[in-house]
Visitor: 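Before I ask anything, let me first share the structure, which is written out below as structure tokens.
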Amino acid sequence: MADHNPTTVKYGIIGVGMMGREHLINLYHLRTEGVVVVAIADPHVPSQQQALDLAHSFNWPLKVFSGHQELLDSGLCDVLVISTPNMTHYRILMDIINHPKPHHVLVEKPLCTTVSHCKEVVHAARKRSDILVQVGLEYRYMPPVAKLIEIVKGGSVGRVRMVAIREHRFPFLVKVNNWNRFNVNSGGTLVEKCCHFFDLMRLFAGANPVRVMASGAIDVNHKDEVYDGKVPDIIDNGYVIVEFDNGSRGMLDLCMFAEGSKNEQEISVVGDIGKGEAFVPESTVRFGIREAGRDGVQTLKAEDQRIKYDGLHHGSSYLEHLNFLSAIRTKGEKAPAVDLEDGLISVAIGVAAQLSIEFGRFVTIQEVMNELQC
């Protein structure tokens with residue numbers, strides 16, 4: 001049973017760059033739920049300082065560590081948030097899972113940058129029934145997306161046949177030491193950014209992916225940038241088709257030089273009875289059935305009264321934390337909403353898409369799971 005007089009849950013944040021500080025602010029807005037951040041770990045001193053300044057404004061004294069191992073060994077925390085650069089997730093997760101003191105973990109997406117690392121983490125975590133791990137695929141909590149999920153799962157569109165997701169947005173932001181400019185660090189754009197959308201496709205389709213076909217390139221962004229003599233190699237636009245084991249299909253349309261867009265994400269789910277759409281950040285949902293035609297399409301405004309902080313992701317990070325806290329408080333009776341398997345499969349689809357662009361052919365998920373190499 002959930003504890004109705006909860007003791008304070010103590011959080012530590014590993015990696016306090018932009019996203020780590022975003023988690024710090026979200027957790028501050030959850031303070032009435034018995035949450036406190038007590039420690040941070042980050043080797044980058046300017047990031048440490050910015051997090052300390054924030055915590056000071058919240059009246060939260062923080063213990064600062066330069067590395068995650070020292071934070072783990074301190075024994076100060078019950079829950080850890082990993083918001084470090086993608087290529088570091090694997091080592092940090094393995095160190096947490098292998099540590100004698102159990103720590104629950106919310107790890108930012110992507111779970112890891114390679115399928116083999118994801119699989120190792122999944123395997124190691126199975127041996128630790130005292131640890132809950134949730135992957136930060138929080139787009140499913142955005143109010144319009146959550147509303148569309150509710151419509152689709154309620155059967156209103158019938159049997160889902162097609163899921164189309166368009167993300168037209170601004171280029172990747174500048175990160176510490178420009179780590180996100182290179183595939184080797186991020187896993188590639190279709191892993192780093194698009195694991196969110198592959199996770200949503202799988203959720204809407206209610207099925208697992210079978211094979212992936214993609215076309216993409218680096219056409220506009222970062223071409224005049226050079227870091228340590230190297231030009232960035234991350235793609236800035238592409239199309240990805242995903243085929244699922246129940247015969248449904250997903251399609252991603254990604255453009256990262258499309259600031260002139262009303263919405264950043266547009267999601268369309270079509271079944272044999274009807275169609276639902278979600279628009280972010282407009283926060284509207286449209287729904288109609290074939291029988292009623294164009295005149296029968298309804299437009300709904302999507303809101304969630306629980307959100308106390310919108311932040312960078314329209315309140316979804318706040319709801320993600322609320323959900324994970326609830327799973328922790330019920331001692332695992334309630335599984336994390338986004339588990340390690342979800343994290344693994346979203347990465348596998350992204351990796352298959354990256355390889356499809358490279359090879360110019362369909363790539364099966366089986367190939368990727370068997371660790372097909374570039």
Side-chain angles (χ1 to χ4, degrees), residues 82 85-98 105 107-128 131 133-137 163 165 182-217 233-235 238-252 254 335-336 338-374:
I82 303 174
N86 300 357
M87 68 287 187
T88 65
H89 290 184
Y90 165 70
R91 184 72 266 149
I92 295 168
L93 279 164
M94 293 303 280
D95 288 344
I96 294 170
I97 290 165
N98 291 321
V105 188
V107 56
E108 260 308 326
K109 59 80 202 162
L111 175 56
C112 300
T113 56
T114 69
V115 169
S116 58
H117 279 169
C118 288
K119 281 164 68 176
E120 276 187 64
V121 168
V122 171
H123 184 70
R126 279 196 191 118
K127 298 173 185 163
R128 290 297 300 261
I131 291 178
V133 184
Q134 176 152 320
V135 182
L137 294 163
V163 182
I165 301 180
F182 297 94
N183 290 326
V184 68
N185 296 333
S186 71
T189 303
L190 298 175
V191 171
E192 145 69 12
K193 183 78 212 67
C194 303
C195 57
H196 276 305
F197 306 120
F198 300 139
D199 176 61
L200 287 177
M201 282 179 193
R202 186 170 159 249
L203 187 61
F204 284 122
N208 278 318
V210 178
R211 63 177 193 160
V212 177
M213 178 75 191
S215 172
D233 60 358
I234 47 167
I235 70 167
Y239 294 113
V240 183
I241 296 167
V242 184
E243 295 181 347
F244 289 91
D245 61 10
N246 65 354
S248 59
R249 286 178 191 81
M251 194 275 289
L252 173 70
L254 174 74
V338 190
D339 64 17
L340 287 168
E341 190 73 13
D342 298 320
L344 163 64
I345 295 173
S346 66
V347 167
I349 300 172
V351 168
Q354 296 276 149
L355 289 171
S356 175
I357 291 170
E358 188 176 333
F359 297 157
R361 66 168 174 86
F362 268 106
V363 173
T364 68
I365 296 299
Q366 178 107 41
E367 284 179 275
V368 170
M369 287 299 195
N370 292 339
E371 290 156 50
L372 167 75
Q373 295 303 315
C374 299

Visitor: Taking the side chain as everything from C-beta on, heavy atoms only, tell me whether V210 gets closer than 4.5 Å to T364.
Guide: no
Visitor: Starting at CG of L137, measure out to CG of L203 and round the result to the nearest 0.5 Å.
Guide: 10.5 Å
Visitor: Can V240 and F198 be said to form a side chain to side chain contact (heavy atoms under 4.5 Å, CB included), step by step?
Guide: CA-CA 10 Å; V240 183; F198 300 139; 4.0 Å; yes
Visitor: Less than 4.5 Å apart, side chain to side chain, heavy atoms only: is that true for L111 and L93?
Guide: yes
Visitor: Can you find a pair of side-chain heavy atoms, one from N183 and one from I234, that are under 4.5 Å apart?
Guide: yes
Visitor: May I ask you to test the I365-V212 pair for a side-chain heavy-atom distance under 4.5 Å?
Guide: yes
Visitor: Could you check if a side-chain atom of P85 sits within less than 4.5 angstrom of a side-chain atom of N185, using non-hydrogen atoms only?
Guide: no
Visitor: Show your working on side chain to side chain contact (heavy atoms under 4.5 Å, CB included) between V242 and V163 and close with a plain yes or no.
Guide: CA-CA 9 Å; V242 184; V163 182; over 6 Å; no
Visitor: Can you check whether M201 reaches L252 side chain to side chain, under 4.5 Å on heavy atoms?
Guide: yes
Visitor: When rounded to the nearest 0.5 angstrom, what is the spacing between CE in M213 and CD1 in I357?
Guide: 9.5 Å
Visitor: Run the ring-ring contact (aromatic ring centres under 6.0 Å, His included) test against F204 and tell me which residues pass, sequence neighbours left out.
Guide: none
Visitor: D95: which residues meet the salt bridge (Lys or Arg N to Asp or Glu O under 4.0 Å) condition with it, sequence neighbours left out?
Guide: R91
Visitor: Determine, step by step, whether V347 and C112 satisfy the side chain to side chain contact (heavy atoms under 4.5 Å, CB included) criterion, reporting the C-alpha distance in whole Å, the side-chain angles of both residues, the deciding distance to 0.1 Å, and the verdict.
Guide: CA-CA 8 Å; V347 167; C112 300; 6.0 Å; no
Visitor: Please round to the nearest 0.5 Å and tell me the distance separating atom CD1 of I349 and atom CZ of F244.
Guide: 5.0 Å
Visitor: List for me each residue that meets ring-ring contact (aromatic ring centres under 6.0 Å, His included) alongside H89, sequence neighbours excluded, and say none if there are none.
Guide: none
Visitor: Grab the two heavy atoms, one from A348 and one from M369, that are nearest each other, plus how far apart they are.
Guide: CB-CE, 4.1 Å
Visitor: Quick check: closest heavy atoms across I97 and I131, and the distance to 0.1 Å?
Guide: CA-CD1, 4.2 Å
Visitor: When you measure from the side chain of D199 to the backbone of S346, do you find a donor-acceptor pair of N or O atoms at a distance under 3.5 Å?
Guide: no
Visitor: What residues form a side-chain hydrogen bond (donor to acceptor under 3.5 Å, both in side chains) with R202, not counting sequence neighbours?
Guide: N208, D342
Visitor: Drop me the distance from M94's CE to E120's CD, to the nearest 0.5 angstrom.
Guide: 5.0 Å
Visitor: May I ask you to test the V191-N86 pair for a side-chain heavy-atom distance under 4.5 Å?
Guide: no
Visitor: Could you tell me the separation between the CG atom of L344 and the OG atom of S116, rounded to the nearest 0.5 Å?
Guide: 10.5 Å
Visitor: With sequence neighbours left out, write down each residue that passes ring-ring contact (aromatic ring centres under 6.0 Å, His included) with Y90, or none if nothing qualifies.
Guide: H117
Visitor: With side chain to side chain contact (heavy atoms under 4.5 Å, CB included) as the criterion, how do R128 and V133 come out once you've worked through the C-alpha distance, each side chain's angles and the decisive distance to 0.1 Å?
Guide: CA-CA 10 Å; R128 290 297 300 261; V133 184; over 6 Å; no
Visitor: Can you tell if the side chain of V351 reaches within under 4.5 Å of the side chain of Q354, non-hydrogen atoms only?
Guide: no
Visitor: Around atom CZ of R249, are there more than 12 heavy atoms from other residues, nucleotides or ligands closer than 6.0 Å?
Guide: no
Visitor: With E108, which residues qualify under salt bridge (Lys or Arg N to Asp or Glu O under 4.0 Å), at least two apart?
Guide: none
Visitor: How long is the straight-line distance from CD1 of I92 back to CE of M87, given to the nearest 0.5 Å?
Guide: 9.5 Å
Visitor: Give the minimum heavy-atom separation between A353 and A214, together with the two atoms involved.
Guide: O-CB, 3.5 Å
